[in-house]
Novice: 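The structure that follows is given in the form of structure tokens.
The analysis underlying the following values was restricted to heavy atoms, covering all of them including side chains, and did not include hydrogens, waters or symmetry mates. Residue numbering restarts at 1 for every chain, and letters A, B, ... go by the order of the sequence lines.
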Amino acid sequence: MHDLKFIRDDPQAFDAALKRRGLAPLSTDVLARDAALRAVLVKLQNLQARRNEASRQIGQAKAKKDQAAASALIAEIAGLKDQIQQGEDEERRLQSQLNDFLATIPNLPAADVPDGADETANVEIRRWGEAPAFGFAAKEHFELGEALGQMDFAAAARMSGSRFVILKGQLARMERAIAQFMLDLHTEEFGYREISPPLLVRDATMFGTGQLPKFSNDQFFAGEREWRRKHLFETAEEVSAGTPVGVGDITDLLEKAEKTEQFWLIPTAEVPLTNLVREQILNPSELPLRFTAFTPCFRAEAGAAGKDTTGMMRMHQFAKVELVSITAPEQSAAEHERMTNCAQEVLKRLGLHHRVVVLCTGDIGFASTKTYDIEVWLPGQNRFREISSCSNCGEFQARRMNARFRAEQGKATRFVHTLNGSGLAVGRTLLAVIENYQQKDGSIAVPGPLRAYMRGLERISI
RNA sequence: GGAUGGGUGGCUGAGUGGUUGAAAGCACCGGUCUUGAAAACCGGCGGAGGUUCACGCCUCCCGGGGGUUCGAAUCCCUCCCCAUCCGCCA
């Protein structure tokens, strides 16, 4: 959510930043709505002031038993009532329209983000390690996993459809080991606090981090609503065959069902972790706050038809260890670098060749001011693929969540800055380990750091 | 699923129609006192917005929305949220 004052003060800067994202200028539209709202406000407030004053005088007149004066004032106010009502309606309408409009405008890119239209303009800023050299043709992870009998897409499709996978035996264990390894690293060496959060959240929570209102199609939805609606229709059919009930009764039931509890499935633990500070006023001494969580993530992958259709690159459900930092504004840029290094350290310890890329203005996410992607080398695909994305959201999410801190006692509150990053995507890390540690015979060597989490197992084989 | 009780400023918590934006306490800021600190005492201290060169003035905010009224934190309707008890349950 944007600061209206900023747009008012410097509409050119606002439009210029939007343009870097490839968007048309919006300040004229925003400011026109703002001006219309304020015009109504001034008119309304004058009417309200007069009404309030007259009401006070009525109270005084009645106290003095001056009935004539009171009646005259009441008559005057009667004429204002309609105008005030109209003004209030108009204000509400304009205000909510303005808010809705602002809620769909993405964050502005930081000054040091490279310009560009799409991912081809992203800039590699560092690279670590080397691609492994095999004396044989490298296979892709799903070929290896299926041959081992430990990765089953067919069975997953039978029960859940496409974009699901079932891991079995040692691969299932390795997924768990990877998550454990990451959590221990981030909590014990980097000072992140482990959190076990809800996976189902409310609308307001999803709005806070920016998934709503614009990206509801990318999300999964859970609730009693659909089930209950169906159930009620069936009940209605049964009832209509037998004992009659009033049509209104069914309507009432359906209306009630519409309002039953409903939740969104989190697309990333960024949502609950960042919302830990929603509606809070933090003490500056507790900043920065650093949270990590290992959770499943759920994504509809709408609009990804045809992309990464084979293998476990792009699933409806995947595991991820997430990192979130809450900082004072002055700290966020440095924290962003630190967070990216924390994520990168996982790959270093696992000995996985990778590079860090800064996303261009056309490729950064809705809430982000600046994003680093970490891309891991996949020998089977012979290319780098994203395994982590670390973003500094500035105060964009904090405004939506109303997350503040009091910089100095007795002074006004300020919005915190929020950052999030994958530390890392567990499914893709597993995939990367499989491809990078594959052996000629189709077995998988277990990287050193993971062995402790797998009871010393050194190799995964049939 | 059933039954109650609640949602008031940074926190606790009064307040059932007329200078109540809101008592009191805590916290915080300034001052007095003190060698210093603490204690005590005195004073200050919510947010959002509009308007003004400025001092200031005005409006809105007691979970959200709507309504009654000249006037609502206070009455009515509705929605949301929280807590407790019972039932069910990993």
Novice: Rounded to the nearest angstrom, tell me the gap between atom CZ in Arg414(A) and atom P in G10(B).
Specialist: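 Rounded to whole Å, this separation is 18 Å.
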
Novice: Could you tell me the separation between the CZ atom of Arg50(A) and the C1' atom of U59(B), rounded to a whole number of Å?
Specialist: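 Result: 16 Å.
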
Novice: Using the C1' atoms only, state how far A27(B) lies from C86(B), rounded to an integer number of Å.
Specialist: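 It works out to 40 Å between them.
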
Novice: Any chance you could lay out the side-chain contact (heavy atoms from CB on, under 4.5 Å) test for Phe294(A) and Val426(A), step after step, and finish with the verdict?
Specialist: CA-CA 9 Å; Phe294(A) 168 52; Val426(A) 173; 4.1 Å; yes

Novice: Glu91(A) has an atom CD; how far is it from atom P of G65(B), in whole Å?
Specialist: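 The distance from CD of Glu91(A) to P of G65(B) comes to 11 Å, rounded to the nearest Å.
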
Novice: Strictly by Watson-Crick or wobble contacts shorter than 3.5 Å, is anything paired with A40(B), and which nucleotide is it?
Specialist: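 The answer is U32(B), by the H-bond criterion.
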
Novice: Taking only the C1' atom of each, what is the distance from G63(B) to G47(B) in whole angstrom?
Specialist: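 Roughly 16 Å separates the two C1' atoms.
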
Novice: Between Gln95(A) and C60(B), does any side-chain N or O lie under 4.0 Å from OP1 or OP2?
Specialist: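 Answer is no, no contact under 4.0 Å.
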
Novice: Can you tell me if Asn52(A) touches the phosphate of C60(B), counting only side-chain N or O atoms and a distance under 4.0 Å to OP1 or OP2?
Specialist: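 Yes, within the criterion.
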
Novice: When you get a sec, tell me which of U59(B), U51(B), C70(B) is the closest nucleotide to the side chain of Gln48(A)?
Specialist: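 Nucleotide nearest to Gln48(A)'s side chain: U59(B).
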
Novice: Remember a base hit wins even if backbone is also touched, and classify Glu279(A) as base, sugar-phosphate or nothing at under 4.0 Å, heavy atoms.
Specialist: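 Counting heavy atoms under 4.0 Å across all strands, no contact is made by Glu279(A).
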
Novice: In the structure shown, which nucleotide is the Watson-Crick or G-U wobble counterpart of A3(B), with both distances under 3.5 Å?
Specialist: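 A3(B) is paired, partner U84(B).
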
Novice: Between A40(B) and G56(B), how far is it from one C1' atom to the other, in whole Å?
Specialist: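 One C1' to the other, the span is 37 Å.
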
Novice: Considering only the P atoms, how many Å lie between U19(B) and U74(B), rounded to the nearest integer?
Specialist: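 Going atom to atom, P in each nucleotide, I get 14 Å.
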
Novice: Which value, in whole Å, describes the distance between the C1' atoms of nucleotides C81(B) and G64(B)?
Specialist: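 Roughly 10 Å separates the two C1' atoms.
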
Novice: Phe415(A) CZ to A48(B) C1': how many Å, rounded?
Specialist: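 So the CZ-C1' distance, Phe415(A) to A48(B), works out to 11 Å.
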
Novice: Can you tell me the distance, in whole Å, between the CZ atom of Phe207(A) and the C1' atom of G64(B)?
Specialist: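 Rounded to whole Å, this separation is 15 Å.
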
Novice: Where the side chain of Ala49(A) is concerned, which of G65(B), G50(B), U59(B) is the nearest nucleotide?
Specialist: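 For the Ala49(A) side chain, the nearest candidate turns out to be U59(B).
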
Novice: Do the side-chain N or O atoms of Arg51(A) get closer than 4.0 angstrom to the phosphate oxygens (OP1, OP2) of A72(B)?
Specialist: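 No.
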
Novice: Phe405(A) ring centre to Arg414(A) NZ or CZ under 6.0 Å, with the angle to the axis within 45°?
Specialist: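 The answer is no, since Arg414(A) fails at least one limit relative to Phe405(A).
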
Novice: Would you kindly say whether Gln170(A) and Glu175(A) are connected by a side-chain donor-acceptor distance under 3.5 Å?
Specialist: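 Distance-only check fails for Gln170(A) and Glu175(A).
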
Novice: For U51(B), does either OP1 or OP2 sit under 4.0 Å from a side-chain N or O belonging to Arg38(A)?
Specialist: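 Yes, because at least one side-chain N or O of Arg38(A) sits under 4.0 Å from OP1 or OP2 of U51(B).
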
Novice: Rounded to whole angstrom units, what separation is found between the CG atom of Asn46(A) and the P atom of C60(B)?
Specialist: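 Interatomic distance, CG of Asn46(A) to P of C60(B): 12 Å.
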
Novice: Side chain of Ser55(A), heavy atoms from C-beta onward: which of G18(B), G67(B), G50(B) has the nearest atom to it?
Specialist: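 Nearest to the side-chain atoms of Ser55(A), counting from C-beta on, is G18(B).
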
Novice: Can you check the Asn402(A) CG to G10(B) P distance for me, whole Å?
Specialist: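 Rounded to whole Å, this separation is 10 Å.
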
Novice: Relative to Phe207(A), does Arg400(A) satisfy both conditions: NZ or CZ under 6.0 angstrom from the six-membered ring centre, and within 45 degrees of the ring's axis?
Specialist: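 Here Arg400(A) passes the 6.0 Å and 45° test against Phe207(A).
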
Novice: Verify whether the ring centers belonging to Phe318(A) and Phe298(A) lie closer than 6.0 Å.
Specialist: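 For Phe318(A) and Phe298(A), the ring centres are not under 6.0 Å apart.
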
Novice: Please give, in whole Å, the distance from A48(B) C1' to Leu4(A) CG?
Specialist: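 These atoms are roughly 12 Å apart.
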
Novice: When the aromatic ring centroids of Phe220(A) and Trp264(A) are compared, is their separation below 6.0 Å?
Specialist: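 Ring-ring flag for Phe220(A)/Trp264(A): false, centres at least 6.0 Å apart.
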
Novice: Between G15(B) and A24(B), how far apart are the two C1' atoms, rounded to whole Å?
Specialist: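 About 11 Å, rounded to a whole number of Å.
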
Novice: Count the heavy atoms of every other residue, nucleotide or ligand shown that sit under 6.0 Å from CZ of Arg50(A), and state whether that count exceeds 12.
Specialist: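 Atom CZ in Arg50(A) is crowded, with more than 12 foreign heavy atoms closer than 6.0 Å.
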
Novice: Which is more 5' along RNA chain B, the nucleotide nearest Ala54(A) or the one nearest Arg404(A)? Just name the residue.
Specialist: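 Nearest nucleotide further toward 5': that of Arg404(A).
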
Novice: For Arg8(A) and G50(B), is the shortest distance between a side-chain N/O and OP1 or OP2 below 4.0 Å?
Specialist: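 Yes, within the criterion.
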
Novice: Just name whichever nucleotide pairs with A72(B), Watson-Crick or G-U, keeping both distances under 3.5 Å, else none.
Specialist: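 By the stated definition (distances under 3.5 Å), nothing pairs with A72(B).
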
Novice: Taking G1(B) as the reference, what is the distance to C70(B) when you measure between their C1' atoms (whole Å, please)?
Specialist: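 It works out to 47 Å between them.
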
Novice: Does C82(B) have its OP1 or OP2 closer than 4.0 Å to a side-chain nitrogen or oxygen of Arg202(A)?
Specialist: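 Yes.
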
Novice: Is there a Watson-Crick or G-U wobble partner for U59(B) with both distances under 3.5 Å, and if so, which one is it?
Specialist: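 In the structure as shown, U59(B) has A48(B) as its Watson-Crick or wobble partner.
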
Novice: Measure from the side-chain heavy atoms of Ile281(A) and tell me the nearest of G67(B), G10(B), G66(B).
Specialist: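 Looking only at heavy atoms from C-beta outward on Ile281(A), the closest nucleotide is G10(B).
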
Novice: Between Leu44(A) and Leu41(A), which residue's closest nucleotide on RNA chain B lies nearer the 5′ terminus?
Specialist: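 Closer to the 5' end of RNA chain B: Leu41(A).
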
Novice: How far, in whole Å, is C60(B) from C53(B) if one measures between their C1' atoms?
Specialist: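 After rounding to an integer number of Å, I get 26 Å for this pair.
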
